Amino acid sequence: MRPFIVPGIIALFSVIIIYLALQLKLSPAMIVGHSMQPRSFPIFLMVINLILIAVLIWQISKSPPKPIELEGPTTWISVGSFVLFYIITIYLDFFIAISAVMFLLCYSWGEKRVHVAGLVAVSVPLSLFVLFDEVLKIRFPRGLITNWYYG
Amino acid sequence: MYEAISAMGSVILDPYLLMLIGCMTVLGIVIGVLPGLGATTGAALLLPFTLTMTPVHAIAVLATIYVAATFAGSITAILINTPGTSAAAATTFDGYPLAQRGEAGRALGIAVVASTIGGIFSILVLCLAAPMLARVAYEFRPPEYFALTVFGLSMLASVGAGGAVKNLIGGIFGVWLATIGAERVTSIERFMFGNYELYEGLSFVPVMIGLFAISELLVQSKKAHIVADVISLKAVKLPSKEDYKKIWRTIVRSSGIGTFIGILPAEGATVASMIGYSEARRWSKNQDEFGKGAIEGIAGAEAANNAATGGAMVPTMVLGIPGSGTTAIILVGLMVHGLRPGPYLFTEQVETVYQIFGSMLVANIIFLALGLYAAKLFARISLIPTSILWPIVFALSVIGAYSLSASLLDVWIALIFGVVGFFARRHGFSVAPIAVGLILGHMVENNLQNSLKMFDGQWWLIFTQPLALFFLVLAFLGLFGSQIFQFIKQKK
C-alpha cells in the first residue's frame with residue numbers, strides 16, 4: 001500500500017486543482033472570443049496528470065519500488081530550521097533568523113566547535129548584508145537589527 | 001559575419017568583462033568541485049547577484065559558471081571518485097582508476113584538454129548553427145511555437161533522474177505553476193488565494209533557488225558525515241604526443257556527439273558524457289582497458305559533456321526552450337534582463353548574443369590554464385566541511401531570493417519549493433522538469449490561445465500546419481517511439 005501513497009497525494013492534488021479551477025469566473029465571450037476560458041488550461045493539465053498517475057500506479061503495481069530509507073535527524077532538523085527561520089523573521093529580524101538557522105545547521109551537521117559555528121553564523125550574514133546593502137543597494141525588511149542600522 | 005566576429009572580439013577589449021569571466025571561471029570551478037553544488041545550483045545562487053549588471057555581463061557570468069562548473073566536476077571525479085556534477089559521472093569510470101595507479105596528473109591533463117576542445121568546438125557550432133536556426137524560426141507562428149513547446153515538454157520525459165512518467169508529472173506540475181496569477185487575456189485571477197503579490201505570477205528566481213539550491217541542501221544533509229579521501233597528485237601534466245595520437249579521434253567524435261545532444265531540447269551534458277564514453281569504448285582498439293584507466297574513456301566523456309554546454313545554448317537562445325536546469329536559469333537571466341529569447345534576439349541584439357558566445361569561448365580558454373596549473377588547489381576545496389558549506393548556501397539562497405523584488409514572499413516561496421523539491425527527489429521525481437515546465441508554461445498556454453484565435457477555435461487545424469505537425473509527430477515519437485518499435489519488434 002505504501003508505494004501508492006505518493007501517486008495518491010498527487011491525484012488528490014490534481015482533483016483539488018480541478019475543483020478550484022471550476023470555481024474560477026467565466027469570462028464573457030466577447031473577451032475570450034474563440035480562445036479558451038481561463039479555467040480550461042489548468043483543468044486540461046490536471047486531466048493529463050491524472051492519466052499519467054494512472055500509468056504510474058500501473059507501473060508500481062507491476063514492479064514495486066524499493067522502500068525509501070528514512071532520513072536521519074540532520075535532515076529533519078534542517079527542515080525544522082526553516083520553520084524557526086520563518087518565526088524569527090516575522091517576530092524579530094531577517095538577519096537574526098539567518099544567523100540562528102546557520103548556527104543550528106552548522107552544529108547539527110557535525111561542526112561541534114561552537115566558536116567556529118558561531119563565527120560562520122555571524123560573519124557570513126554580515127558580509128552578505130554589506131554586499132547587498134552597500135553594493136547592490138537592496139533594502140532588507142525591517143526588524144531589530146535593520147531598524148537600528150537604517151535608523 | 002563581420003559584426004559577429006567583432007562582437008566576439010570585443011570581449012577581450014572589455015577589461016571589466018574579462019575580469020568578470022576570470023573570476024567566474026575560478027568560482028565556477030570551485031562550485032564544480034564541491035560535491036552537490038554543481039552548475040545549476042551555482043547559477044541559481046548567482047542569479048540575484050547579476051541583477052545590477054548589464055545584460056551581457058549578467059549572462060556572461062551565468063554562462064561562464066555553466067561552462068567552468070561542468071568541466072570542474074571532473075576534478076573530484078578523478079581525485080575522489082565523486083563527480084562534482086552529474087555530467088562528470090562517466091569520467092569516474094576511468095579517471096579514478098588511472099588516478100589510483102598514480103597517474104592522477106595525466107588523467108586531469110587529458111580531462112582539461114578534452115573539455116577545452118569540446119567546449120570551443122561547440123561554441124563555434126553555436127555561432128554558426130544559432131543564426132541559421134533563427135532564420136528558420138522567423139517563420140514560426142503560434143501553432144508552430146505551440147507544437148515546439150509541446151515537443152520540448154515531451155522531451156522532459158528524459159530529463160533528470162526520474163523515470164519518464166515521473167518526469168512528465170513534474171513537467172505538468174511546472175506548467176500548472178505557470179498558470180498561477182492573473183490570466184493574460186482576461187485578467188481573471190487563478191490560484192492566487194487573495195495574495196496580490198502573485199498577480200504577475202510566480203517569480204522564476206525564488207522557485208529556481210528553492211528547487212535547486214535548497215532542495216540540494218536537504219539532500220546533502222543525508223551525507224553530512226561522509227568524509228572523502230583525496231588522491232595526492234604531484235602536478236598536472238599535458239597529455240604526451242602518444243596520448244594525443246590515441247585520443248584525438250575520440251575528442252573530435254565526442255565533441256560532435258556532445259554538441260548534437262546538447263542541441264536537442266531537454267538533453268544535457270550528463271546524457272552527452274555517457275554516450276561520448278560508450279562511443280569512445282565502441283570505437284576503441286583497447287576496449288579491455290575501459291574501466292581500468294583508459295585515457296580514451298576520460299577524453300570521450302569530458303569532450304562530450306563540455307561540448308553539450310555550447311549545444312544546449314542553441315535551443316535556449318534561438319527558441320527559448322531550455323534543455324536543462326542550468327539553461328533554464330540562463331533563460332530566466334535573459335528574461336530578467338529584458339532580453340526576449342527567440343529568433344528576434346539574433347536581429348535585435350546581435351552584438352549582445354555574440355558577446356555572450358565570446359565570453360563562453362574565453363571561459364574555456366581560462367579554465368584550460370586554471371585546470372592545468374591549479375587543479376591541485378581546487379581539489380583541496382572539495383574538502384571544505386559540508387557543515388560549513390551548506391549553511392552558507394542557505395544564507396545565499398534566502399538573501400538571493402529576497403533580493404529580486406525585496407519581497408519576503410519570495411523567500412517563503414524559495415523555502416516551500418526547497419521542501420517540495422526535496423520530497424519530490426526523495427520519491428524519485430527530478431526537479432529539472434518542474435523548472436523547465438514553469439518556464440515553458442507561459443509559452444505553451446499563450447501560443448495555444450493565439451492558435452485557437454487564429455483558427456476560430458478549430459484546434460484541429462493546428463495539425464494542418466506542416467511544421468507544427470512535424471513537431472507534434474516528434475513529440476509523439478519521443479513519448480511513445482520506443483514502445484511502438486518494441487511492439488513492432490515483438491510482432492515480427
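Protein chains get the first letters and strands the later ones, always in sequence-line order, with residue 1 at the start of each. None of these values were measured; they are calculated from a predicted model.
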Original post:
Between CG of B:Leu168 and CD1 of A:Ile51, what distance do you get to the nearest 0.5 Å?
Top reply: 12.0 Å
Subject >> Side-chain touch B:Glu189/A:Lys25, heavy atoms, less than 4.5 angstrom >> reply: no
Original post:
Quick one: does B:Phe423's side chain get under 4.5 Å of A:Val6's, heavy atoms only?
Top reply: no
**OP:** For atom CZ of A:Arg113, decide whether the heavy atoms of other residues, nucleotides or ligands shown that lie under 6.0 angstrom number more than 12.
**Re:** no
**OP:** Side-chain contact test, heavy atoms from C-beta onward, threshold under 4.5 Å: evaluate it for B:Ile399 versus A:Phe129 and give yes or no.
**Re:** no
Original post:
Is B:Gln458 atom CD crowded by more than 12 heavy atoms from other residues, nucleotides or ligands, each under 6.0 Å away?
Top reply: yes
Subject >> Choice from A:Cys106, A:Ser40, A:Ser27, A:Ser99 maximising heavy atom contacts with chain B below 4.5 Å >> reply: A:Cys106
Original post:
Can you say whether A:Trp58 sits under 4.5 Å from chain B via the side chain, the backbone, both, or neither, judging by heavy atoms?
Top reply: neither
**OP:** Could you tell me which portion of A:Ile90 (side chain, backbone, both or neither) has an atom closer than 4.5 angstrom to a non-hydrogen atom of chain B?
**Re:** side chain
Original post:
Are any non-hydrogen side-chain atoms of A:Phe41 and B:Gln449 less than 4.5 angstrom apart?
Top reply: no
Subject >> Part of B:Ile169 within contact of chain A (heavy atom distance under 4.5 Å) >> reply: both
Subject >> Residues in side chain to side chain contact (heavy atoms under 4.5 Å, CB included) contact with B:Ile416, at least two apart in sequence or another chain >> reply: B:Val420
Subject >> Exercise: do A:Thr75 and B:Ser221 side chains pair donor with acceptor under 3.5 Å >> reply: yes
Subject >> CZ on B:Phe191 to CD on A:Gln23, rounded to 0.5 Å >> reply: 10.5 Å
**OP:** Identify which part of A:Phe94 has an atom lying under 4.5 Å from any heavy atom of chain B, answering side chain, backbone, both or neither.
**Re:** side chain
Subject >> Engaged part of B:Val419 at the chain A interface, taking heavy atoms whose separation is under 4.5 Å >> reply: side chain
Original post:
What heavy-atom pair brings B:Ser387 and A:Gly110 nearest, and what distance separates the two atoms?
Top reply: CB-N, 4.2 Å
Original post:
From A:Ile10 CD1 over to B:Phe429 CZ, what is the distance, rounded to the nearest 0.5 angstrom?
Top reply: 3.5 Å
**OP:** List the steps, then state whether side chain to side chain contact (heavy atoms under 4.5 Å, CB included) holds for A:Glu111 with B:Ile388.
**Re:** CA-CA 8 Å; A:Glu111 181 52 73; B:Ile388 305 284; 3.9 Å; yes
Original post:
What part of A:Ala121 is in contact with chain B, defined as an atom under 4.5 angstrom from a non-hydrogen atom: side chain, backbone, both or neither?
Top reply: neither
**OP:** With a 4.5 angstrom heavy-atom cut-off, could you sort out which part of A:Leu24 is near chain B: side chain, backbone, both or neither?
**Re:** side chain
Original post:
Checking heavy atoms, do the side chain of B:Phe49, its backbone, both or neither come under 4.5 Å from chain A?
Top reply: both
Subject >> Gap between atom CZ of B:Phe394 and atom CE of A:Met102 - 0.5 Å precision >> reply: 9.0 Å
Subject >> Contact class of A:Ile48 relative to chain B, heavy atoms under 4.5 angstrom >> reply: side chain
Original post:
Heavy-atom distance under 4.5 Å between the side chains of A:Phe44 and B:Val175, does that happen here?
Top reply: no
Subject >> Main-chain N/O of A:Arg39 paired to B:Arg190 side chain as donor or acceptor, under 3.5 Å >> reply: no
Subject >> Interface residue of largest heavy-atom contact number with chain B, from A:Val120, A:Ile53, A:Asn49, under 4.5 Å >> reply: A:Asn49
Original post:
Mind checking whether B:Tyr402 and A:Phe132 have ring centres under 6.0 Å apart?
Top reply: no
Subject >> chain A contact via B:Leu217 - side chain, backbone, both or neither, heavy atoms under 4.5 Å >> reply: both
Subject >> Option that, when pairs with chain A are counted at under 4.5 Å, heavy atom only, ranks first among B:His427, B:Arg426, B:Met454 >> reply: B:Arg426
Subject >> Sub-4.5 Å side-chain heavy-atom contact between B:Leu218 and A:Phe82 >> reply: yes
Original post:
Tell me, side chain or backbone of A:Phe140 under 4.5 Å from chain B's heavy atoms, or both, or neither?
Top reply: both
Subject >> Atom pair CH2 (B:Trp390) and OG (A:Ser78), whose distance is rounded to the nearest 0.5 Å >> reply: 11.5 Å
Original post:
Quick one: does B:Val411's side chain get under 4.5 Å of A:Tyr86's, heavy atoms only?
Top reply: no
Original post:
Which bit of A:Leu131 comes within less than 4.5 Å of chain B, counting heavy atoms only: side chain, backbone, both or neither?
Top reply: side chain
**OP:** Among A:Leu105, A:Val124, A:Val101, find the residue that satisfies the side-chain contact (heavy atoms from CB on, under 4.5 Å) test when tested with B:Pro391.
**Re:** A:Leu105
Original post:
Who wins among A:Leu104, A:Leu20, A:Val116, A:Leu52 for the most heavy-atom pairs under 4.5 Å with chain B?
Top reply: A:Leu52
Original post:
So do the side chains of A:Thr89 and B:Trp412 get within less than 4.5 Å of each other, counting heavy atoms only?
Top reply: yes
Original post:
Can you name the residues of residues 62-73 of chain A that have some heavy atom under 4.5 Å away from a heavy atom in chain B?
Top reply: A:Ile68, A:Glu69, A:Leu70, A:Glu71
Original post:
Among B:Gly418, B:Ser451, B:Ser403, which has the most heavy-atom pairs under 4.5 Å with chain A?
Top reply: B:Ser403
Subject >> Spatial distance of atom OG (A:Ser35) from atom CG (B:Leu448) [nearest 0.5 Å] >> reply: 7.0 Å
Subject >> chain B contact via A:Val79 - side chain, backbone, both or neither, heavy atoms under 4.5 Å >> reply: both
**OP:** Would you indicate whether A:Tyr19, at its atom OH, is surrounded by more than 12 heavy atoms from other residues, nucleotides or ligands within a distance under 6.0 Å?
**Re:** no
Subject >> Contact leader toward chain A among B:Ala406, B:Ala178, B:Ala395, where contacts are heavy-atom pairs under 4.5 Å >> reply: B:Ala395
